[in-house]
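Computed from heavy atoms alone, side chains included, the values below leave out hydrogens, waters and symmetry copies. The sequence lines fix the lettering, A, B, ..., with proteins before strands; numbering per chain opens at 1.
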There are 2 protein chains.
Amino acid sequence: MTDEKKPRRRPRSDGQRNRENLLKVAKAAFTAGEIDIPLDEIAHRAGVGIGTLYRHFPNRDALIEAVYRAELDRLADAAPVLAAQHPPVEALRAWMRLFVDYIAAKLVIAPALNGLAGGTGTLYAQSGTVLQGAIDGLVAAAVASGDISADIEPVDLLRALAGVSNYAAGPGWETSAKRLVDILIARSQASAS
Amino acid sequence: MTDEKKPRRRPRSDGQRNRENLLKVAKAAFTAGEIDIPLDEIAHRAGVGIGTLYRHFPNRDALIEAVYRAELDRLADAAPVLAAQHPPVEALRAWMRLFVDYIAAKLVIAPALNGLAGGTGTLYAQSGTVLQGAIDGLVAAAVASGDISADIEPVDLLRALAGVSNYAAGPGWETSAKRLVDILIARSQASAS
DNA sequence: ATATATGCGGAGGGTTACTCCGTTTAACAA
DNA sequence: TTGTTAAACGGAGTAACCCTCCGCATATAT
């Protein structure tokens with residue numbers, strides 16, 4: 001039953017171009033706060049028909065998710081780079097702050113997420129995986145170096161951060177978020193002594 | 001220019017009854033996960049016409065917000081009660097856990113919030129105020145009693161909690177959330193010594 | 001050059017949010 | 001009680017939107 005589809009042909013170049021274009025337009029729109037933008041409009045701005053949009057992304061949520069995932073991947077990719085440039089604890093702190101910065105720059109994440117209606121479960125599950133991989137590595141390194149203790153789940157850090165970012169309404173939210181980073185890390189260091 | 005509207009008449013009883021009925025039905029639906037339920041259906045279940053729904057709540061978001069606000073008020077009201085029943089730090093811990101429980105019981109909050117599309121700003125701003133009042137009192141009492149230090153902003157606690165709850169996807173989220181409560185409080189106590 | 005799988009466009013069906021206005025009814029005065 | 005009136009009601013109608021379907025176009029491979 002392991003029938004692997006051997007695609008006979010190379011994917012068509014125009015298809016990929018259109019797909020990327022749609023993602024770019026959608027990201028721009030979401031970032032600009034136009035979360036309720038009609039899909040027809042996105043298709044139009046990307047210079048394609050509505051049918052094309054729907055072939056690439058079967059529904060609205062799929063499009064949002066795709067944009068979101070692309071950003072997440074960029075964020076996850078930064079982890080190994082930081083790990084190579086800084087000592088463990090500092091790499092961890094830097095990455096968490098980067099996370100905050102991403103949202104500060106309105107890079108899609110939070111607003112788009114709020115737009116998702118129902119089945120967020122799947123989305124979170126997947127995206128959680130990729131981000132968790134990133135932070136797990138950073139935390140593991142910091143624990144190995146003896147700088148922080150292992151009694152805090154890396155996921156907790158993520159969750160807290162993600163949450164703070166969602167409530168990015170108040171004026172001092174950014175300061176608040178970074179302070180939270182310090183608090184959580186400080187706590188881990190304290191109990192490592 | 002301070003023309004106070006002196007309402008000539010007492011508000012009509014059927015109006016208030018219908019309004020409360022709509023809220024009740026909407027809350028039940030949202031809690032049951034029917035976030036995308038058509039407004040016509042809500043009106044029907046409440047035994048009123050669609051026009052009536054729209055007079056009480058000018059649009060979908062207004063209805064969601066109203067349900068949400070009602071729950072928040074209940075949560076805020078619990079703070080003084082807890083403060084009277086427990087010593088300061090325990091009251092604080094208890095209230096934060098209650099917060100988590102509310103979401104665990106799917107009491108509207110998180111799912112409905114995710115459904116809100118655009119201008120969440122105003123909503124958060126207002127709701128932040130009422131919850132902030134609640135937690136401020138609890139923290140102030142704990143600081144006054146010398147049990148925790150004042151170097152942590154009460155708002156941070158709220159933000160972190162709210163965030164964790166939004167990511168209520170993974171299996172152990174509830175444990176995770178309550179662990180976060182302990183971590184935050186422990187950290188505050190440590191620096192109070 | 002030919003064949004064909006892959007991708008494209010956009011009209012159209014079905015659903016939903018919201019408006020408008022003629023009708024009903026609760027509150028108050030006589 | 002009865003009459004008056006402002007407040008509230010109901011639901012048909014409108015506009016906008018999501019998504020499907022299918023005949024046409026084009027990139028890839030031979």
Between [X] ([atom1]) and [N] ([atom2]), how many Å, whole number?
{"X": "B:R10", "N": "C:dC28", "atom1": "CZ", "atom2": "C1'", "value": "10 Å"}
{"X": "A:H44", "N": "C:dA11", "atom1": "NE2", "atom2": "P", "value": "13 Å"}
{"X": "B:E41", "N": "D:dG11", "atom1": "CD", "atom2": "C1'", "value": "16 Å"}
{"X": "A:Q16", "N": "C:dC8", "atom1": "CD", "atom2": "P", "value": "11 Å"}

Non-hydrogen side-chain atoms of [X] and [Y] separated by less than 4.5 Å:
{"X": "B:I135", "Y": "B:F99", "value": "no"}
{"X": "A:L23", "Y": "A:E20", "value": "no"}
{"X": "B:F57", "Y": "B:I64", "value": "no"}
{"X": "A:L63", "Y": "A:I42", "value": "yes"}

Problem set entry | Between the first and last five pairs of the helix from C:dA1-D:dT30 to C:dA30-D:dT1, the angle of the axes, rounded to 10 degrees | 20°

For this session: Please step through side chain to side chain contact (heavy atoms under 4.5 Å, CB included) for the pair B:K27 and B:E71, ending with a clear verdict.
Result: CA-CA 9 Å; B:K27 176 185 164 185; B:E71 284 312 299; 3.2 Å; yes

Taking only side-chain N and O atoms of [X], does any of them lie within less than 4.0 angstrom of OP1 or OP2 on [N]?
{"X": "B:H56", "N": "D:dC9", "result": "yes"}
{"X": "B:N18", "N": "D:dC9", "result": "yes"}
{"X": "A:T52", "N": "C:dG7", "result": "no"}

Exercise. Any salt bridge between A:R45 and A:E34, counting N to O under 4.0 Å?
Worked result: yes

For this session: Could you walk me through whether B:L92 and B:H86 pass side chain to side chain contact (heavy atoms under 4.5 Å, CB included), step by step?
Result: CA-CA 9 Å; B:L92 176 59; B:H86 302 279; over 6 Å; no

Exercise. Reading nucleotides 14-27 of chain D from the 5' end, what letters show protein touch, with B for base, S for backbone sugar-phosphate only, - for no heavy atom under 4.0 Å?
Worked result: ---SSBB----BBB

Seminar exercise, completed: Sequence neighbours excluded, the answer for salt bridge (charged side-chain N to carboxylate O under 4.0 Å, His left out) partners of B:R17 is none

